[in-house]
Amino acid sequence: MTERLVLRRWKDDDRVPFAELNADPEVMRYFPNTLTASESDAFIDRIERGFEVNGFGLWAVQIDGRFAGYTGLNRTAFETPMGPHVEIGWRFARWAWGCGYATEAAKRVLAEAFGPLGFAEVYSFTTATNAKSEAVMKRIGMERRADLDFDHPNCLDWWGARHIVYRAAPPLG
Ligand SMILES: CC(C)(COP(=O)(O)OP(=O)(O)OC[C@H]1O[C@@H](n2cnc3c(N)ncnc32)[C@H](O)[C@@H]1OP(=O)(O)O)[C@@H](O)C(=O)NCCC(=O)NCCS
């Protein structure tokens with residue numbers, strides 16, 4: 001919970017609004033493609049299996065009782081210059097943009113990562129032109145790590161393959 005948001009595990013009622021945002025070309029502008037409803041459902045199933053195994057994942061975010069998107073942690077499943085690591089990520093429906101919700105949720109998730117979950121560092125990365133996502137990384141105090149920028153190995157022929165990297169570490173003291 002934060003002042004305005006509920007971060008929680010996923011419910012069946014989230015499937016329709018999640019499929020809608022994954023089908024929205026504007027939400028998916030910085031991904032290689034939009035998702036079909038069955039791809040979106042399979043994504044929720046993978047997230048929920050991850051929670052069972054890891055005890056963390058991409059939390060569903062609810063605003064005034066309405067599903068808005070996700071913010072959370074994920075073990076990156078492909079090779080990057082960072083080596084094995086946990087990443088923080090976010091995706092919201094367009095109605096929920098421009099209100100600071102992603103920033104508020106991400107601060108809460110970092111507190112969980114560096115508190116109860118005990119991680120020593122968390123990374124975030126996005127395609128180089130996704131300024132809104134990069135702005136969230138900056139607002140939550142992550143450090144730009146240009147030395148770790150990489151070409152996404154799963155979509156090398158996509159225009160957005162080049163990814164920029166940010167890193168967060170626990171607050172000192
Ligand atoms: C990335 C994404 C979550 C960012 O959403 P966002 O609304 O820009 O980010 P926030 O929720 O932190 O809101 C910040 C904006 O709200 C404004 N704002 C209003 N009230 C605010 C508040 N109380 N606190 C902070 N910001 C506030 C800020 O000024 C900022 O506006 P600006 O972009 O005009 O400068 C959203 O664009 C998205 O879901 N994109 C599609 C998925 C995606 O690309 N995910 C990342 C892949 S790596």
Side-chain angles (χ1 to χ4, degrees), residues 1-8 10 14 16-37 39-40 43-44 46-47 50 56-64 66-82 85-113 121-146 148-156 158-168:
M1 298 274 273
T2 71
E3 204 174 308
R4 298 181 294 173
L5 315 174
V6 176
L7 276 71
R8 56 159 175 78
W10 292 70
D14 302 332
V16 169
F18 192 49
E20 280 170 8
L21 75 85
N22 284 321
D24 180 342
E26 191 60 23
V27 172
M28 299 303 280
R29 182 168 163 197
Y30 298 105
F31 294 87
N33 38 261
T34 54
L35 300 186
T36 64
E39 287 168 339
S40 179
F43 189 11
I44 294 180
R46 276 201 309 282
I47 294 169
F56 64 85
L58 303 174
W59 283 276
V61 179
Q62 186 176 304
I63 301 166
D64 291 334
R66 181 177 181 191
F67 171 83
Y70 68 68
T71 303
L73 303 166
N74 177 49
R75 285 191 203 284
T76 300
F78 50 85
E79 294 274 321
T80 71
M82 293 83 86
H85 68 271
V86 171
E87 65 150 326
I88 183 169
W90 33 73
R91 187 181 299 179
F92 282 81
R94 256 195 285 168
W95 64 264
W97 295 8
C99 304
Y101 296 140
T103 298
E104 191 170 317
K107 284 182 179 164
R108 178 70 193 83
V109 167
L110 279 188
E112 189 73 13
E121 59 181 7
V122 170
Y123 286 94
S124 193
F125 47 82
T126 187
T127 188
T129 51
N130 190 348
K132 282 186 183 297
S133 188
E134 183 177 6
V136 177
M137 297 172 199
K138 287 184 181 157
R139 277 194 294 271
I140 63 176
M142 297 187 84
E143 178 197 4
R144 175 84 171 96
R145 287 295 302 269
L148 298 170
D149 289 358
F150 65 95
D151 295 322
H152 199 305
N154 294 352
C155 45
L156 285 174
W158 172 50
W159 61 263
R162 190 69 186 162
H163 278 58
I164 55 169
V165 176
Y166 278 73
R167 177 180 181 272

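When a ligand or atom number is given, it counts from 1 through the structure's own listing order.
Among all heavy-atom pairs drawn from Gly72 and Trp59, the shortest one is CA-CE3, 3.9 Å. Closest of all the heavy-atom pairs between Ala113 and Val122 is CB-CG2, 3.9 Å.
Remark: among candidates Trp97, Phe92, Trp90, the nearest residue to atom 36 (C) of ligand 1 is Trp97, based on non-hydrogen atoms.
Taken from CE in Met82 to OG1 in Thr80, the straight-line distance is 3.5 Å, to the nearest 0.5 Å. Distance NZ/Lys138 to OG/Ser124: 13.0 Å, rounded to 0.5 Å. To the nearest 0.5 Å, atom NE2 of residue His85 and atom CD of residue Glu121 are 8.5 Å apart. One finds the OG1 atom of Thr2 at 10.0 Å from the OH atom of Tyr101 (value rounded to the nearest 0.5 Å).
Checking atom 10 (P) of ligand 1 against the protein gives a heavy-atom contact under 4.0 Å. In this structure, atom 29 (O) of ligand 1 has no protein heavy-atom contact shorter than 4.0 Å. Within a 4.0 Å radius of atom 32 (P) of ligand 1, the protein contributes no heavy atom. Per-atom contact check: atom 40 (N) of ligand 1 touches the protein, criterion being a heavy-atom distance below 4.0 Å.
Against a heavy-atom cut-off of under 4.0 Å, Thr126 is close to the following atoms of ligand 1: 48 (S). Residue contact check: Phe125 has heavy atoms under 4.0 Å from atoms 48 (S) of ligand 1. Atom numbering of ligand 1 starts at 1 in the shown order; those under 4.0 Å from a heavy atom of Asn130 are 43 (C), 44 (O), 46 (C), 47 (C). Set against the non-hydrogen atoms of Tyr101, the atoms of ligand 1 under 4.0 Å away are 11 (O).
Shown here is Asn154, whose CG atom has more than 12 heavy atoms of other residues, nucleotides or ligands within 6.0 Å.
Residue, atom and distance of the protein heavy atom nearest to atom 35 (O) of ligand 1 are Arg139 NH1, 4.5 Å. The nearest protein atom to atom 47 (C) of ligand 1, hydrogens excluded, is given as Phe31 CZ, 3.5 Å; this is a heavy-atom distance. From the protein, the heavy atom lying nearest to atom 25 (C) of ligand 1 is Gly100 CA, 3.4 Å. When hydrogens are left out, the protein atom nearest atom 42 (C) of ligand 1 is Val27 O, 3.5 Å; that is the closest non-hydrogen contact. Protein heavy atom closest to atom 12 (O) of ligand 1, with residue, atom name and distance, is Thr103 OG1, 2.5 Å. At the top of the distance list for atom 6 (P) of ligand 1, counting protein heavy atoms only, stands Gly98 N, 4.0 Å. Distance from atom 5 (O) of ligand 1 to its nearest protein heavy atom, with residue and atom name: Ala102 CB, 4.3 Å. Regarding atom 4 (C) of ligand 1, its nearest protein heavy-atom neighbour is Val136 CG2, 3.9 Å.
With ring centers used as reference points, Trp10 lies under 6.0 Å from Phe18. Residues Phe125 and Phe150 bring their aromatic ring centres within 6.0 Å.
Between Leu110 and Ile88 the shortest side-chain heavy-atom distance falls below 4.5 Å.
Here Cys99 has backbone heavy atoms under 4.0 Å from ligand 1, and that is the only part of it that gets that close.
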Evaluate the side chain to side chain donor-acceptor pair (under 3.5 Å) criterion for residues Asn130 and Arg29: first the C-alpha distance (whole Å), next the side-chain angles of each, then the deciding distance (0.1 Å), finally the verdict. CA-CA 9 Å; Asn130 190 348; Arg29 182 168 163 197; over 6 Å; no
